[in-house]
Each structure stands twice: as structure tokens, then as C-alpha cells.
Student: 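Have a look at this one before I ask anything.
Letters A, B, ... are given to chains in the order of the sequence lines, protein chains preceding strands, and every chain is numbered from 1.
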2 protein chains.
Amino acid sequence: MNLDGRKIAILKALIEDYIETAEPVGSRTIAKKCDIGLSSATIRNEMSDLEEMGYLAQPHTSAGRIPSNLAYRLYVDSLIENIRATSMEMELIKRKMEDHLSELNRFLDFSAKTISDSTGLTAVTGAPRMNPGAISHFEIVKASEHYLMFILVTNTGMIKKRQVRILTHIDENSILYLKQILNEELAGCTLEMITADKVERLKRRFNDNFELLGIILEFVTETLAASGMGEYYFSGKSETLKAPEFSSMDKVLGFLDLVEDKEQITSLINTAAADNKNGITVVIGDESPILKNKDLSMVVSTYKAYGGRNGAIAVIGPKRMNYGKVITTLEAMSRLMSEILEHTEGETDEER
Amino acid sequence: MNLDGRKIAILKALIEDYIETAEPVGSRTIAKKCDIGLSSATIRNEMSDLEEMGYLAQPHTSAGRIPSNLAYRLYVDSLIENIRATSMEMELIKRKMEDHLSELNRFLDFSAKTISDSTGLTAVTGAPRMNPGAISHFEIVKASEHYLMFILVTNTGMIKKRQVRILTHIDENSILYLKQILNEELAGCTLEMITADKVERLKRRFNDNFELLGIILEFVTETLAASGMGEYYFSGKSETLKAPEFSSMDKVLGFLDLVEDKEQITSLINTAAADNKNGITVVIGDESPILKNKDLSMVVSTYKAYGGRNGAIAVIGPKRMNYGKVITTLEAMSRLMSEILEHTEGETDEER
DNA sequence: GTTAGCACTCCTTGAGTTCGAGTGCTAACA
DNA sequence: TGTTAGCACTCGAACTCAAGGAGTGCTAAC
């Protein structure tokens, strides 16, 4: 017994009906819907075969069938039709998105909103993972009489500041001088390159500003060691919960627990994104232990930001989601985001 | 008919029982619980009076009574007992919080978690509203052959950067020179102080780098104009939804809609925080149109961050929340956060 | 191989019933 | 006059039961 064309047609029709209605699908419904000129009895036989093969399941004896994980997997991998988003619409979205470009977090927030609006599900956008890289510039600013501000810029565009209280007086000239030393010694250094040797050299050149050097080096090493874990931006959570599968409270809590747990979301998205560097990854229900027993699926894509770093965008929703729509939306959005972010090369601000 | 001591005792006992059980409270329950030596019949009479006075309500004739908004208001304003959090516990929390101080967003995130852990409800912490202030330092860094990075630091500790593509070649010395001009002319300037006059002077001194000046000025004015609207950090949403009042789906969606809508949350917290600059504000149910028909209450407090700016912390939960616990928790946390943030005076980093 | 027919299963729905918590009222009591 | 015991009444929650219907699986006929 194998999957011939008729079985596939029936399976496809069944999945699509189930996606639409969230109700178990009976043989008569399919007989009416897809006009291959078969009676419900024949379809019943085929469905029985499909159940045996693991593609369908019955909630109880006298109910219709629902697709299994295996069926969804087949559907996503080979049955789905690519609905192309109209380029007109995309052009409009792109223009709107460019308006939100001035700050990365706003941009990602808006992108998440756009995706969730278009899919009706929960969208997540993840900031590109920051690699601290090497020091490109170190700045010391005298903020006030007793405060200095350090600013460190790295070649990956990361920028960190710290304000520290100083007890002894330092004049502007000394600051300028120390800054020069630091930039000479540290420019181009990654964390690994700040060796004991280097520190020793700096100590010698700093001579009487021993204490200050300690504070600065602590700041620098901390900054370079920071993983810069990407933030995630969510949109459309309550939208997703309106689906009928969330009528029972434990499903709702299952979903919210997942979405609120940053660790889980991070690991889920990261593994999925790593799986497939450039395309779309679909994780269906129990395929990930994190989604287990939650009747949820996730579709993940990546976008390229400046500096070749990858960010992730994802949609989370009931296993019975409109995969075609979600996949095309994510494809289009990741293309769009890559275009905008690669193009503008780090045109993102940060404050505070 | 007025509120004598006995009525108040009964009302208090009823509210506290209802807060605990979320079930309408009958006369017998109160007779057993608070031992003023009264029979259920007497209490029944008193409860009937209290209902007439608007403090109690009955879901249906043969059910117990539940407190009205008026009763909660009375309870919060005068009946509640201040449970003081042990200073030991607070000392521990403080130490933990100081560990999370290195970045403001992490700190606020952790604070929200701490509050929601201790109350079992949804906690929100809002970053202090940033006032861009005046320019304290302007930096130009040559990121690569075709990219310059501008960094602007203001006296309120705000820091913004932007990377721009340049077509013409500029050597390091010119950059140094231009930077010097900019710092001379712009240091101490607020947005209002960048007048046409000032721009004219800069133009003259920049002479051949006309185009670059335009880009820089655009960046500067945009940065100074940015309102720096405070972000909010949530924690414990799914925790709140475990309360029995959220057994019906529309209550769940009501709560999630509120929590997801940044505009609403912002306005709700801001008006509440503005109401009462230093203490705690309690908004009970319908007292705010935003909470109307959602059976929710909110408790808001503020904390002082460096530079005298105020941030907000709040707890959102069912109207039937443990106000005593929530209020003392928020009081303690706002004191703690003020101590840490005022003390460390802008010890907050930012990256990206 | 396909289909009509039919018995069977099992969920859903709604009506009817019981149960019990709680009230309001009245009459008795201190 | 305030308090309490007693009792009839109310009304939602929970349970049972039967009817209805959607869907299946099997068999026999085409």
C-alpha cells in the first residue's frame, strides 16, 4: 500500500479543510469538496488506508479524521502551494517598514506586528546575534566633576557605555592622553587579544593612573565578553488565542508559558534557524520537545542584517495553521528585512 | 444607617475571605471565621444592610455576597493592614538586583520578575522617561573606508549612534578637525538652542564639507527631538491567568488585549503614577475606563532613577487581589529600586 | 474497483431532576 | 431592642437520560 495520487488528493483536501474549520473531517465533506468523482464510501476506504499508514487519526470511532503530524509534515514538504504575495502589497509594506528603521527595536517590533497582522498568529522577531568583535574605538568623556563616561565601539557596531564615579581629580589633558594610549594599545583587539602582556604594557604607560586603568579594563573585558543575546519582539498573542483549539484553559496556559519563557523561545528559534540557514524551517507539534503536547507549530525564517549577522523571524500558532500563507509571508518578510537592513548597513540607533 | 464597627469587621472579613477563595461568601462562613460571637442570622441582617449601602452584591438570590468596587475602595483606603516585608528578605533581593544592574533593561526585567514572583500576579516595570537634554559630547568614528559613525552623548546620559555611508574620501585629520568644531559649537546645546544662526556659523566653519554637515545636523536634531518614550517590561502574565476568574475565555482575552496594547498600558500607568507622585495608587476595576468590565485592578508606584527622573512599577491582577501584599511589595520594591538607581547614578549600559 | 445501503458507535444537546448552599422572614428569647 | 433559632424558599450546579445526528465499517450489488 503506498501513497498514490488519489490518496494524496484526499489527504490534501482533508488537511486544508481541517485547517479551515478545526473540526474532524468526514468522508462526505471531502466527497463534496474535491470533485474527483468519488463517492463517500470510496473515500472512506482510502481514509481508512491513510489512517493505517499513519497520516490520519480519529478522535473517536464515529468522528471524522484529523491529520497527524506526519500528514502535516508531508503537506508542508511537498503538497503546499506557494501563494505569492503581490509585489504591490510588499512594496507598500516595505515603505512603511523603512519609516520604522531609525531604531532597531522599533523596526523589529513593527515587523512582528506586520507579520502577525498578515497571518493572524503570533509573530516573533529576534534581533541579530551580536558578536562583540574587536575594539574599534575607545572614548572617555568627562560627564561632570566626579563622573567619567567610558564609551566603547566595536567593529561589529556594538556600542556600550558606562559611567563611573571617580574620587581623585583628573584634568582634561590627562584624559586626552590616556585615551590616546588606550586607543593605540587596544584598537583592533578582541577579548582574546587582551593578554597579560598587553595589560602589563598598559600598566607601564599608565603609571600613576593605576586605579583608573583597572576600572577601564574591567569595563572593556566585560563588554567584549557580553554575548549580546538577541532580544525578541512579540506581536499578536491574544489573536492566536482566539482559535478554537484554545477553548480549554490548559492549552492557553501551555501557549502562554511557552511564549513567556525566553529561554525556551530562544532555544527553539535558534535550533530551527540553525537547521536551515537560508530557507524556511517548519517545526510541527511534537517534532520539538518544547512544543510537545501543546498542539503548536512554529515556522522560522532568518534575515540578514548588516555585518552578515543573522536575525530570526518566526510565527507560532496552532498545529492547524495555514502553512501556505505563513510560509509565503515569512519568505517575503525575511527578504524585505534583509534588503532594508543589509542595504542601510547599521542605520540603527540606540539610546539610554 | 451607617458603618459601625461591627459592619466594618464583617465587611473586612468578607473581603478577605473573597480575596482568598474567589467564591461568594455566605453568612455562616463569616460567623465561623470572625469570632465576634454573632450568629449567622445576625450577620445576615448586617449583610443585608451592607448590600443596601452598596458595599456588597449578590450574583443571584441564593448565593453569598461579593464585595463591590466601593467595598474594595474602602478596604484599600482604610481597612488594610500593612504587612511589612522582612528586611532580611529585602536585603537578599537588593543584593540580587544589584547583580542585574549592568544594563537598565535587564535590571527592569529582573525587577518585574521579582515583583511577579512575590505577588503571583502580572508585574510591569517602566523605564524612566528620558529627556534628551543638552549635547555633552559629539564623536565621529571612521568605521570603515566608506562608513562614518556618529555618536552623540547628552548630559542626561542618553547615547545615540548612527552609521552613514559617505561617498567622498575624508582623511582622519579632517575628521578630527570637524569633530573639534562640532564640539566647540554644539556642547551644551539643547534642541532649541540649535538656531538658524548657529547653523549658519557651522556652515561657515565647515566650508567645503557642506554635505556632511547636513547629515550630522539631521542626526543631531532627530536625536534631541526623540522623546525617548519609556519601555515596559512584563512578567508573570500566565501566572495571573491561573486565577479562577479567568475560566471564561473572554476574560482571558480582555486581560491579554489590555496587556498587549502598549498605548493603553502606558496611559493607564502614566495617569495613575501622575496622580500620586510618591506613594501608591490603586485603581480598582471600573474606576478607569480601560479596566472597565474586565474585573481587573492595578496598583502603581514610582521609583526615582538618576537625574531625578521617575519610572513606574505596577501590578495588574484580578479585582480580587491581595491588596495588602501587593501594596507592601510595591512599596518595598520602589524604595529598593530608588536606592539602587539613585545611588549608582547612571550606571547603565546600552549596546547595539 | 466503486458504490449504495445499513447497522452501529459515540458525541452533543437539551430537558428533567436532585442537591445543597444560602437567603429572608417570623417568632421566640434575653 | 437586639439576637437567635427555625423554616420555607430560591436558584445555580451537577447529574441522568433520551433523542438526534454525524460519521464509520462492513456487505452486497453494480
Student: Please confirm whether Tyr233(B) and Phe110(B) have ring centers closer than 6.0 angstrom.
Tutor: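 Judged by ring-centre distance (under 6.0 Å), Tyr233(B) and Phe110(B) do not meet the cut-off.
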Student: Walk along nucleotides 3-10 of chain D from 5' to 3' and tag each nucleotide B, S or - by protein heavy-atom contact under 4.0 Å, base first, then sugar-phosphate.
Tutor: SBBB---B
Student: For Glu23(B) and dA13(D), what is the distance between atoms CD and P respectively, to the nearest whole Å?
Tutor: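 Those two atoms, CD and P, are 10 Å apart.
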Student: Please report, rounded to the nearest Å, how far the C1' atom of dA21(C) is from the CD1 atom of Ile43(B).
Tutor: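 After rounding, the gap between these two atoms is 16 Å.
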Student: Set out, line by line, the N/O atom pairs under 3.5 Å between protein and nucleotides 27-30 of chain C.
Tutor:
none

Student: Rounded to whole Å, how long is the line connecting atom CD1 of Ile66(A) with atom P of dG23(D)?
Tutor: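 In whole Å, dG23(D) P lies 14 Å from Ile66(A) CD1.
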Student: Under the ring pair (Phe, Tyr, Trp, His ring centres under 6.0 Å) rule, collect the residues that match up with Phe234(A), sequence neighbours excluded.
Tutor: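 Applying ring pair (Phe, Tyr, Trp, His ring centres under 6.0 Å) to Phe234(A) gives none.
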Student: Run the salt-bridge test on Asp117(A) and Lys113(A) with the 4.0 Å N-O cut-off and return the result as yes or no.
Tutor: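 No, no charged N to carboxylate O under 4.0 Å.
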Student: Below 4.5 Å, heavy atoms only, C-beta onward: do Phe255(B) and Lys294(B) meet side chain to side chain?
Tutor: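 No - every pair of side-chain heavy atoms lies 4.5 Å or more apart.
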Student: Within a strict 4.5 Å, meaning less than it, do heavy atoms of the Thr119(A) and Leu330(A) side chains meet?
Tutor: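 No. Closest side-chain heavy atoms not under 4.5 Å.
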Student: Starting from C1' on dC25(C), measure out to CE on Met47(B) and report it in whole angstrom.
Tutor: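 The distance from CE of Met47(B) to C1' of dC25(C) comes to 16 Å, rounded to the nearest Å.
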Student: Can you tell me the distance, in whole Å, between the NE2 atom of His60(A) and the P atom of dT24(D)?
Tutor: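 In whole Å, dT24(D) P lies 10 Å from His60(A) NE2.
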Student: Holding to side chain to side chain donor-acceptor pair (under 3.5 Å), I want the full list of residues that pass it with Asp4(B), two or more places apart in sequence or in another chain.
Tutor: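 Expected list: none.
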Student: Quick one: Arg28(A) CZ to dT3(C) C1', roughly how many Å, whole number?
Tutor: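 For the pair Arg28(A) CZ and dT3(C) C1', the rounded distance is 14 Å.
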Student: Looking only at side chains, do Ser27(B) and Ser40(B) share a donor and an acceptor under 3.5 Å apart?
Tutor: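 Result is no, nothing qualifies.
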Student: Give, for atom CD1 of Ile19(B) and atom NZ of Lys319(B), the distance between the pair rounded to the nearest 0.5 Å.
Tutor: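 Ile19(B) atom CD1 to Lys319(B) atom NZ measures 12.0 Å (nearest 0.5 Å).
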Student: Check DNA chain D for consecutive Watson-Crick or G-U pairs with both distances under 3.5 Å and list the runs of at least three as stems.
Tutor: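 As far as DNA chain D goes, consecutive pairing (with distances under 3.5 Å) yields the stems C:1-30 with D:1-30.
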Student: Identify whether the distance between the nearest side-chain nitrogen and carboxylate oxygen of Asp109(A) and Lys262(B) falls below 4.0 Å.
Tutor: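 A salt bridge links Asp109(A) with Lys262(B).
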Student: Grab the CD-P distance between Glu51(B) and dT23(C) for me, whole Å please.
Tutor: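 It works out to 10 Å between those atoms.
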Student: Atom CG of Leu56(A) and atom C1' of dG23(D): how far apart are they, to the nearest Å?
Tutor: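 The distance from CG of Leu56(A) to C1' of dG23(D) comes to 14 Å, rounded to the nearest Å.
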Student: Using side chain to side chain donor-acceptor pair (under 3.5 Å) as the criterion, list what pairs up with Ser238(A), not counting sequence neighbours.
Tutor: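 Counting only residues at least two positions away or on another chain, Ser238(A) forms a side chain to side chain donor-acceptor pair (under 3.5 Å) with Asp257(B).
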Student: Is there side-chain contact between Glu16(A) and Lys12(A), with at least one heavy-atom pair below 4.5 Å?
Tutor: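 They are in side-chain contact.
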